[in-house]
Amino acid sequence: MVAFPAMRLRRLREGEPLRTLIRETKLSATDLIYPIFVTHGRDLREPVAPMPGIYHLSLDHLLAEVTEVADLGIPGVLLFGLPAHKDPLGSEAYDEHGIIQEAIRVIKQAIPNLLVITDVCLCQYTDHGHCGIVDGDRINNDATLELYAQTALSHAEAGADVIAPSGMMDGQVRAVRTALDEHDFKHIPIMAYAAKHASAFYGPFRIAADSAPQYGDRRSYQMDPANGRMALREIQADIDEGADIVMIKPALAYLDVIARARDRFDHPIAAYNVSGEYSLIKAAAANEWINEEEVTLELLTGIRRAGADIVITYHAKDAARWLMDRT
Ligand code: PBG
């Protein structure tokens, strides 16, 4: 065994070139996906209060935003929509002229190479704010699957590149895969929100997306934050149903789940660095309590080191700029 004094681990930390050479985890703009909120109306660029730097964008402002994203070398965006109206079945989610469907067309026409990933869920579109059809005091799993399938199809028809079912209904990946395959969209991959936990870190997003449940909570469909083994079963289930990419969400309190999934599965893994994780950093940075750039890059690197190939983050544009300045 080689030990001190023969071994000196500090030798490999002598200067930046050597440190760069042996760095195990690389973080690049090409690992990131940027979430965007789109809304009906014209000339709207409304700040989302708890998420400084994030806006509700009307379609006329969307182009400038996605151009910036593409110019920064970020490969894709994840779209969320604010519908014109909400109803019990979330009908705008699967309307061919819904806000997401229109946004997809705008982006694909202007920047065909930017990946457009769409979240398939109902919570922004239902008046009760749940992710599925409410049946008495339950969320009706199987009836909801049909609406997810319709939503996914309408996104694919509008030109979406990747479909991301996020409602945590059992069988949602299979339902979406079947619908896509039956309609000649066999080539469209599914990024499954596989291990999505019932997290308080979604708080700022629910303000941004106006999607908080009007009663009850999401604990009968989203996962218990305490369950790591169950998270692996969720991921396995989605893989068995045909998921191409599996996602773990949130990221920071679930790095162990990412690491265990990395060991067990060979599918590409995405981690969603969610709204509350972003807001915490923004609030501390606004107070000058932390160095936002260094803290953010350290956290994003940590998510990658845990095993995520892809990081979905509201910090994507900031991070891409910071990384550019460093090279
Ligand atoms: C929709 C959805 C949510 C998020 C992504 N898709 C909210 C939720 O499940 O309540 C959260 C994203 C974030 O907090 O950044 N189901």
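Start at 1 and go down the list; that is how both ligands and their atoms are numbered.
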(message) Among all the protein's non-hydrogen atoms, which is closest to atom 14 (O) of ligand 1, and how far away is it?
(response) S275 OG, 2.7 Å
(request) Please examine the side chains of E157 and F185, heavy atoms only from C-beta on, and report whether any two atoms are closer than 4.5 Å. (result) yes
(message) I'd like to know whether ligand 1 has G167 as a neighbour, heavy-atom separation below 4.0 Å.
(response) no
(message) Looking at non-hydrogen atoms alone, which of Y221, F205, Y278 comes nearest to atom 3 (C) of ligand 1?
(response) F205
(request) Look only at interatomic distance and state if Y314 has a nitrogen or oxygen under 3.5 Å from any nitrogen or oxygen of ligand 1. (result) yes
(message) I need the full list of ring-ring contact (aromatic ring centres under 6.0 Å, His included) pairs touching residues 262-303, with sequence neighbours left out, sorted by first then second residue.
(response) Y278-Y314, Y278-H315
Check: residues 202-213 side-chain donor-acceptor pairs under 3.5 Å, at least two apart:
| unit_1 | atom_1 | unit_2 | atom_2 | d |
| --- | --- | --- | --- | --- |
| Y202 | OH | H197 | O | 2.6 |
| D210 | OD2 | K86 | NZ | 3.4 |

(request) Considering heavy atoms of the protein only, find what lies nearest to atom 11 (C) of ligand 1 and give residue, atom and distance to 0.1 Å. (result) K249 NZ, 2.9 Å
(message) Check D263 with R260, please: is the shortest side-chain N to carboxylate O separation under 4.0 Å?
(response) no
(request) Report yes if Q124 has an N/O atom closer than 3.5 Å to an N/O atom of ligand 1; otherwise report no. (result) no
(request) May I have the step-by-step check of side-chain hydrogen bond (donor to acceptor under 3.5 Å, both in side chains) for T20 and E16, ending in yes or no? (result) CA-CA 6 Å; T20 302; E16 196 47 33; 3.2 Å; yes
(request) Please report which non-hydrogen protein atom sits nearest to atom 16 (N) of ligand 1, along with the residue it belongs to and the distance in Å to one decimal place. (result) K196 NZ, 2.8 Å
(message) Taking side-chain contact (heavy atoms from CB on, under 4.5 Å) as the criterion, tell me which of L299, I303, I248 meets it with L255.
(response) I303
(message) Yes or no: does M168 have any heavy atom under 4.0 Å from an atom of ligand 1?
(response) no
(request) Indicate yes or no: at least one non-hydrogen side-chain atom of D170 is less than 4.5 angstrom from one of Y221. (result) no
(request) Could you tell me the residue and atom name of the protein heavy atom closest to atom 6 (N) of ligand 1, and the distance to it rounded to 0.1 Å? (result) D119 OD2, 3.2 Å
